[in-house]
Amino acid sequence: MTNSNYLWAPAPTPSLPVRDQGVRFPVNRIFCVGRNYHAHAVEMGRPVDKSTVRPFYFTKAASTLVESGATVPYPAGTSNYHFEMELVVAIGAPGFRVTAAEAARMIYGYAAGLDMTRRDLQLVARDQGRPWDLGKDFEHSAVCTEIVPQGALGVLGAGAINLQVNGQTKQSSDLSQLIWNISELLVDLSQFYHLQPGDLIYTGTPEGVGAVVTGDVITGHIDNVGDVHLTIGAAD
Ligand code: MN
């Protein structure tokens with residue numbers, strides 16, 4: 001700070017640890033995919049016909065990032081605070097209008113994430129044709145583990161993904177159930193954005209989403225990736 005002329009200290013760069021590397025992954029943007037598992041699309045009342053629609057996206061500010069293991073306050077303005085367990089793809093190389101082969105080379109690694117959602121506010125916005133920001137892009141809403149480098153994992157196409165609240169299973173699926181797989185998502189998203197190192201992509205949640213309250217403990221798991229933990233604290 002001593003050598004800058006900023007009015008105040010800029011917010012720190014959000015980042016995540018990289019497993020076993022002793023370095024941190026600086027986070028640039030956070031993209032989220034909506035309705036990417038059939039059973040979840042159905043439970044939300046919006047089934048997906050892949051032959052006629054493309055994936056859709058929303059974003060969260062990088063400042064919403066929370067590291068796994070945190071306790072977060074029950075958020076303001078909601079009485080229906082939901083978990084969504086998701087595979088997170090971490091981008092490590094730039095890409096624009098990429099092919100599937102190029103998409104594979106853009107993946108730095110993976111993480112297990114929670115797309116925390118003020119469901120009541122999201123559904124009001126959705127049904128009134130308004131933006132989803134109040135429901136999705138709010139403080140502490142993007143929870144994420146350390147990044148696991150791609151290494152021998154390649155482009156993940158299968159593996160259990162599940163979530164427990166207070167030890168009780170709420171979500172249980174497999175990455176093979178993704179409507180648009182990782183390569184398809186990167187190909188599609190890169191038609192609209194110049195993807196950059198540090199971008200995170202939350203790939204969508206399976207069925208079984210539900211509400212949590214103060215005192216609840218969330219644990220989510222993805223095979224070969226890791227376990228994400230979140231505790232819900234008191235409202236502030
Ligand atoms: Mn989601």
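Remember, it's 1-based here, ligands and their atoms both numbered in the order they're listed.
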Start with the C-alpha distance between K136 and D115, add both sets of side-chain angles, then the distance that settles side chain to side chain contact (heavy atoms under 4.5 Å, CB included), and finish with yes or no.
-> CA-CA 8 Å; K136 289 291 195 178; D115 164 17; 2.9 Å; yes

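As for E86, its N/O/S atom nearest the Mn ion (ligand 1) is the one called OE2. D115 contributes atom OD2 as its closest N/O/S atom to the Mn ion (ligand 1). Closest N/O/S atom of E84 to the Mn ion (ligand 1): OE1.
Aromatic rings from F56 and W180 are positioned such that their centres are separated by 6.0 Å or more.
Within the 4.5 Å cutoff, no side-chain heavy atoms of S79 are placed close to those of R118.
Note: Y81 and Y74 have perpendicular aromatic rings, judged against thresholds of 30 and 60 degrees for the angle between ring planes.
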